[in-house]
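For reference, the structure discussed in these notes is given below.
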Amino acid sequence: MTSPMYSAVAELAALDLDQIQPLQALLGTTLQAQDSGQGWQQRQAAGGQLGEVALARVELRSPPAGQAGSPVLLLQLAQPQPFDPLQWPGAQPSPPRPDAPDAPAWWELRLQRSAVVLGLDARQQAIVSISVRQQR
């Protein structure tokens, strides 16, 4: 059984991240252009909503026009959300990096044409962040 949060993430993963207006509408926020200093287009927003989950921060990184690369959407949740692997079909665990003992574990899954990473808290019991990378 999937959760409402899974459904919201699946809907997000189905969007074309290059289409800013539908993305902003889905997240209930307005992304402001930022200077990344590295040629990539960077847009940020403080706050937003993913389904029933409040967001503290939203960041979209897109490659420069005409260059190879995939857009990446980073979502910081306002409050940690309980994590139950059974509600995320197809998700696979990734342990913390051995060379970074304070780094948290995460779970990865494929939805539509996107790779989704669920960032977990230190106890690996709650989702604190979500990233979506669209594959081209």
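Hydrogens, waters and symmetry mates are skipped; everything else that's a heavy atom, side chains included, is used.
- A donor-acceptor contact shorter than 3.5 Å links the side chain of T29 to the backbone of G47.
- Closest heavy-atom contact between W40 and G69: CH2-CA, 4.5 Å.
- Side-chain contact between D16 and L23 is absent, with no heavy atoms from C-beta onward closer than 4.5 Å.
- In this structure, the side chains of L27 and L73 come closer than 4.5 Å at one or more pairs of heavy atoms.
- W107 and V117 end up in different hydrophobic clusters when Ile, Leu, Val, Met, Phe, Trp and Tyr side chains are linked at under 4.5 Å.
- Between the Q24 side chain and the L31 main chain, a donor and an acceptor come within less than 3.5 Å of each other.
- Considering all non-hydrogen atoms of both residues, A115 and Q135 come closest at CB-NE2, 3.9 Å.
- Under the 4.5 Å side-chain criterion, counting only non-hydrogen atoms from C-beta, I20 is in contact with L60.
- Side chains of L50 and I130 form a contact here, defined as non-hydrogen atoms less than 4.5 Å apart.
- No donor-acceptor pair closer than 3.5 Å links the side chain of Q124 to the backbone N or O of A122.
- Counting heavy atoms from C-beta outward, D18 and P71 have side chains that approach closer than 4.5 Å.
- For W106, the ring pair (Phe, Tyr, Trp, His ring centres under 6.0 Å) test picks out no residue, with sequence neighbours left out.
- Between L120 and V128 there is no side-chain heavy-atom pair separated by less than 4.5 Å.
- The distance from the CZ atom of R133 to the CZ atom of R110 is 11.0 Å, given to the nearest 0.5 Å.
- S114 places a side-chain N or O within donor-acceptor distance of the main-chain N or O of A13, the cut-off being under 3.5 Å.
- For the pair S94 and E108, the tightest heavy-atom approach, listed with the atom from each and the gap, is OG-OE2, 3.2 Å.
- Hydrophobic clustering (side-chain heavy atoms under 4.5 Å, transitive across Ile, Leu, Val, Met, Phe, Trp, Tyr) keeps L12 apart from V72.
- No side-chain donor-acceptor contact under 3.5 Å links Q44 to the backbone of Q34.
- V58 places none of its side-chain heavy atoms less than 4.5 Å from the side chain of L74.
- Here the CD atom belonging to Q21 is positioned 8.5 Å from the OG1 atom belonging to T30, to the nearest 0.5 angstrom.
- Under the 4.5 Å side-chain criterion, counting only non-hydrogen atoms from C-beta, L111 is not in contact with V132.
- Residues P89 and Y6 approach most closely at CD-CE1, 3.6 Å, considering heavy atoms.
- Considering only residues two or more places apart in sequence or on other chains, D84 meets the side chain to side chain contact (heavy atoms under 4.5 Å, CB included) condition with L86, Q87.
- Scanning both residues, R113 and L15, for their nearest heavy atoms gives NH2-O, 4.1 Å.
- In this structure Q125 satisfies the side chain to side chain contact (heavy atoms under 4.5 Å, CB included) test together with D121, R123, sequence neighbours excluded.
- In this structure, Q32 CD and R43 CZ are separated by 9.0 Å, a value rounded to the nearest 0.5 Å.
- Although no hydrogens or angles enter the test, the distance criterion places no donor-acceptor pair under 3.5 Å between the side chain of S129 and the main chain of Q76.
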